[in-house]
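Data first, discussion second: the structure below is written as structure tokens.
Side chains included, hydrogens not; waters and symmetry mates left out as well; all remaining heavy atoms used. In each ligand, atom 1 is the first atom listed, and ligand 1 is the first ligand listed.
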Amino acid sequence: MCVRMIYQAGRFCWEIEMVTAEAFWDGVAAKYAERPIGDMAAYDATLERVASYLEPGDRVLEHGAGTGTTAIRLAPLVSGYVAADISGALLGIARERAAAQGAEGIEFRHAGLGRDTGADAAAFDAVMAFNLLHLMPDPQSAIHAMADAARPGGVVITKTACLNDGMRYLRPVLWIMRKLGRAPAVNIFSAAELDRMFEEAGLKIVETGWYSRKGAARFVVARKV
Ligand SMILES: C[S@@+](CC[C@H](N)C(=O)[O-])C[C@H]1O[C@@H](n2cnc3c(N)ncnc32)[C@H](O)[C@@H]1O
């Protein structure tokens, strides 16, 4: 159990966490890995936009890499790809899938966003996190950590559920599922609040979009100036 401060609907509040994020994701890893991608067209469209920012010589860091699906798709486009995740169980699945698909050039790292990733500051051309920032206890610090890992001129690329803008009906469902240990802690903020967090971290937003059938997944590309 841990007590943590979270950012919810425009304010900070205290929350008692019954399981850590690492324990939660380790516990659901096998089931999570079985789930197909919900909206394949949106996923493909997002990856197309991400790929347009990558160069063959780039070094990329992806936080919250999960089962490695995105890493396996993007790693062939660049010269170095670090896929990091807080869950050892998900990373195990990602390693197995990469090996089974003959994917090369991915370094899997057991590390949480904001914690020591073993990476030098400003070491990456692109730092990415998909469907992760809304799960972070302090998304602003998480964006700062991503900005620190990017080189000047490099990009931070994210896709984030902004539950203050859409899918509001999910909020009570999430609350109940969370109490049952079936969902992780989720921060609720709007796209406008998310954009402000990027700006406060000294990043310049160069592209935004909504890539999800239901409309609450905000894509943001921001450049470190
Ligand atoms: C909703 S899943 C998204 C997985 C993948 N990025 C995707 O889009 O399919 C969230 C992922 O973030 C990881 N995660 C949760 N909290 C984290 C943290 N503090 N630091 C790094 N990864 C974290 C989980 O283990 C899980 O793999």
When T160, I143, D138 are each screened for side chain to side chain contact (heavy atoms under 4.5 Å, CB included) with M197, the one that passes is I143
Checklist entry - Judged by atom type as modelled, is there a donor-acceptor pair below 3.5 Å linking the side chain of R59 to the main-chain atoms of D125? => result no
So that I can tick it off, tell me whether D44 and R49 are bridged by a salt bridge, with the cut-off set at under 4.0 angstrom between side-chain N and carboxylate O. no
With heavy atoms and a 4.0 Å threshold, my read on which part of E22 contacts ligand 1 is neither
Going by the 4.0 angstrom heavy-atom rule, the piece of L113 near ligand 1 is both
query: Can a donor-acceptor pair be found between the side chains of T70 and Y43 at a distance below 3.5 Å?
result: yes
* For M136, does its backbone N or O pair with a side-chain atom of N187 as donor and acceptor, under 3.5 Å? -> yes
For S87, the atoms of ligand 1 under 4.0 Å from one of its heavy atoms are 25 (O)
Intermediate values then yes/no, side chain to side chain donor-acceptor pair (under 3.5 Å), E107 and Y81:
CA-CA 6 Å; E107 181 194 328; Y81 199 108; over 6 Å; no
| field | Under 3.5 Å donor-acceptor, N164 side chain and I188 backbone | value | no
In ligand 1, the atoms that come under 4.0 Å of a heavy atom of L132 are 12 (O), 14 (N), 15 (C), 16 (N), 17 (C), 22 (N), 23 (C)
Report yes or no: does a heavy atom of Y32 sit under 4.0 Å from some atom of ligand 1?
yes
Note: ligand 1 atoms sitting under 4.0 Å from heavy atoms of M136 are 18 (C), 19 (N)
Quick look: L90 vs ligand 1, heavy-atom contacts under 4.0 Å, and the answer is side chain
In ligand 1, the atoms that come under 4.0 Å of a heavy atom of G66 are 27 (O)
Distance col, row T158:OG1 vs E62:CD, nearest 0.5 angstrom, shows 12.0 Å
Short version for F130: what comes under 4.0 Å of ligand 1, heavy atoms counted, is both
One finds that the ligand 1 atoms under 4.0 Å from a non-hydrogen atom of N131 are 1 (C), 3 (C), 7 (C), 8 (O), 10 (C)
Would you confirm whether D85, through its side chain, and S87, through its main-chain N or O, come within 3.5 Å as a donor-acceptor pair? yes
Check: Can you check whether H63 has an N/O within less than 3.5 Å of an N/O in ligand 1?
Finding: no
Under 4.0 Å from one or more heavy atoms of G64, ligand 1 contributes atoms 4 (C), 5 (C), 6 (N), 11 (C), 12 (O), 13 (C), 22 (N)
Checking heavy atoms under 4.0 Å, the part of I86 that sits near ligand 1 is both
Could you tell me whether G112 and ligand 1 have an N or O pair separated by under 3.5 Å? no
**R218/D195 ion pair, N-O < 4.0 Å** = yes
Is the shortest N/O to N/O distance between W25 and ligand 1 below 3.5 Å?
no
